[in-house]
Amino acid sequence: MLIKRSPNGIDLPFPSEITPRAVFESRRDFIRQLALGSIAGSALLEMANREAFAQTIGAAKLVAKPNPTYAVMEKKTAYKDATSYNNFYEFGTDKADPAMTAGSLRTSPWSISIEGEVKKPMRLDLDSLMKLAPLEERIYRLRCVEGWSMVIPWVGYSLSQLIKKVEPTGNARYIEFVTLDDKKQMPGLRSPVLEWPYVEGLRMDEANHPLSLLTFGMYGEVLPNQNGAPVRMILPWKYGFKSAKSIVKIRFVKEQPRTAWNLAAPNEYGFYSNVNPNVDHPRWSQATERRIGEDGLLARKRKTLMFNGYSEVASLYAGMDLKKFF
Ligand SMILES: Nc1nc2c(c(=O)[nH]1)N[C@H]1C(S)=C(S)[C@@H](COP(=O)(O)O)O[C@H]1N2
Ligand SMILES: [Mo]
């Protein structure tokens, strides 16, 4: 999202934003032709394997009780769109890359280490982590800093439930999320688009806000790899990049963490990155957005809402100049 042109500046969809569906269709075609035996070659077996793997991703059910307090009453984004139009730079910078290459991510066994300013540091395997609190389904809007948004039913629980268990010390003022960085599993790490590992962070009161969702699934299934399996954050009032994927470490710290996007372009991506239609990105307006699935010539831009519509977080920022702390 750093290098790309303004996705928000013109009304026609960019070619790069149309590609995923084309890729998807051609992939389906490819599989069909494979089945008909009309394609042959040595690389095919590997591709067929990858496809078979991709088909199983997301297949495991993860059903949770819907929480009506957190259910956006808007049309849900199609599963196909939410799982084929992704930002996950560890798997490439094109929107279509993660769905095609994240099959190499091994999500089991998985554990997450909780360290730093806590009385009870711990390493939890995924199963124990998931059982720490009841899972809920929450339908959240998520808006990318690039100017598009989706509405997705996520499955998880409030991060505050985990924070409470590890008992932060009085020194814990911020929390840091660290994504896996394994070159063998993540081809995108070979290119220096960001400083790896991908790191994100929150102030402790933001992390404890009930909206902050430690997320294990979407659409009633475990997270597909391209969406950040097996565990990620979802922070619906912030730009999408704050919601780190495939987390292996959570650190409680005294100082404001140095986050991946802030390091890459400090004048473009601030630490807070709250969705704010009144503060433009230096290279494009943030006043409107395009809902994924509403593309096409007749698609209307939606007005972007302050805090992405989650006005209940406003008190976290009372008295702060949001143009300065963007
Ligand atoms: N580790 C990691 N997490 C990440 C990213 C990334 O590149 N790496 N991209 C972010 C961005 S820019 C967005 S918009 C969301 C996209 O989440 P989705 O693919 O599930 O819609 O993930 C965020 N989390
Ligand atoms: Mo994003």
Side-chain angles (χ1 to χ4, degrees), residues 1-4 7-8 16-17 20 57-58 76-102 105 107 112 140-156 176-182 185-189 191-202 213 215-219 221-250 259-265 268-269 273-275 281 284 286 289-293 304 308:
M1 64 199 187
L2 182 64
I3 327 106
K4 302 259 165 78
N8 217 7
S16 67
E17 294 175 320
I57 293 173
K76 282 181 227 165
T77 301
Y79 178 85
K80 190 181 71 168
D81 288 336
T83 56
S84 63
Y85 188 87
N86 303 101
N87 275 332
F88 198 169
Y89 277 18
E90 287 86 337
F91 292 102
T93 54
D94 194 276
K95 297 282 178 292
D97 287 342
M100 290 190 291
T101 67
L105 177 68
T107 57
I112 183 162
Y140 279 167
R141 279 183 217 101
L142 191 63
R143 187 194 187 282
C144 180
V145 73
E146 294 168 323
W148 47 267
S149 59
M150 301 199 194
V151 173
I152 295 178
W154 302 102
V155 178
E176 190 178 274
F177 305 95
V178 184
T179 294
L180 178 74
D181 65 332
D182 180 356
Q185 300 181 54
M186 300 172 139
L189 295 181
S191 83
V193 272
L194 292 171
E195 266 184 47
W196 310 110
Y198 194 98
V199 170
E200 258 309 332
L202 296 171
L213 193 70
T215 304
F216 303 94
M218 61 197 280
Y219 300 88
E221 299 178 352
V222 300
L223 287 170
N225 289 4
Q226 61 267 35
N227 293 87
V231 55
R232 69 175 299 177
M233 284 304 300
I234 295 292
L235 303 157
W237 74 99
K238 291 177 177 284
Y239 291 123
F241 67 87
K242 297 294 291 181
S243 295
K245 295 178 166 180
S246 305
I247 296 169
V248 289
K249 202 186 288 181
I250 297 181
T259 60
W261 280 104
N262 186 246
L263 280 169
E268 303 196 3
Y269 310 108
S273 288
N274 293 320
V275 174
H281 184 279
W284 59 81
Q286 293 292 31
E289 68 201 58
R290 188 173 65 84
R291 182 64 50 83
I292 296 298
T304 288
N308 204 22

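In each ligand, atom 1 is the first atom listed, and ligand 1 is the first ligand listed. Reckoned from all heavy atoms, side chains included, excluding hydrogens, waters and symmetry mates.
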- Message: I want to know if ligand 1 touches Ser243 in the polar sense, i.e. an N/O pair below 3.5 angstrom.
- Response: yes
- Item | Distance-only N or O hit between ligand 1 and Lys245, under 3.5 Å | yes
- Item | Contact with ligand 1 for Arg232, non-hydrogen, under 4.0 angstrom | yes
Could you list the atoms of ligand 1 found under 4.0 angstrom from a heavy atom of [X]?
{"X": "Cys144", "answer": "14 (S)"}
{"X": "Asn86", "answer": "18 (P), 19 (O)"}
{"X": "Thr179", "answer": "1 (N)"}
{"X": "Asn227", "answer": "18 (P), 19 (O), 20 (O)"}
{"X": "Phe88", "answer": "1 (N), 2 (C), 6 (C), 7 (O), 8 (N)"}

- Could you go step by step and tell me if Val145 and Gln286 meet the side-chain contact (heavy atoms from CB on, under 4.5 Å) rule? CA-CA 8 Å; Val145 73; Gln286 293 292 31; 3.3 Å; yes
- Task: For residues Phe177 and Tyr198, determine if any side-chain heavy atom of one lies less than 4.5 Å from a side-chain heavy atom of the other.
- Result: no
- Run the side-chain contact (heavy atoms from CB on, under 4.5 Å) check on Glu268 and His281 step by step: do they pass? CA-CA 6 Å; Glu268 303 196 3; His281 184 279; 3.1 Å; yes
- Salt-bridge contact Lys95-Glu146 (side-chain N to carboxylate O under 4.0 Å): yes
- Candidates Val155, Thr77, Thr83 - the one meeting side chain to side chain contact (heavy atoms under 4.5 Å, CB included) with Tyr219: Thr77
- Quick one: does ligand 1 sit under 4.0 Å from the side chain of Tyr198, the backbone, both or neither, non-hydrogen atoms only? side chain
- Note on the structure: Check: of Glu146, Met186, Glu90, Met150, min heavy-atom distance to atom 2 (C) of ligand 1 comes from Glu90
- Check the pair Arg143, Trp148 against side-chain contact (heavy atoms from CB on, under 4.5 Å), reporting the backbone distance first and the verdict last. CA-CA 6 Å; Arg143 187 194 187 282; Trp148 47 267; over 6 Å; no
- Could you give the distance from CG (Asn86) to CZ (Phe91), rounded to the nearest 0.5 Å? 11.0 Å
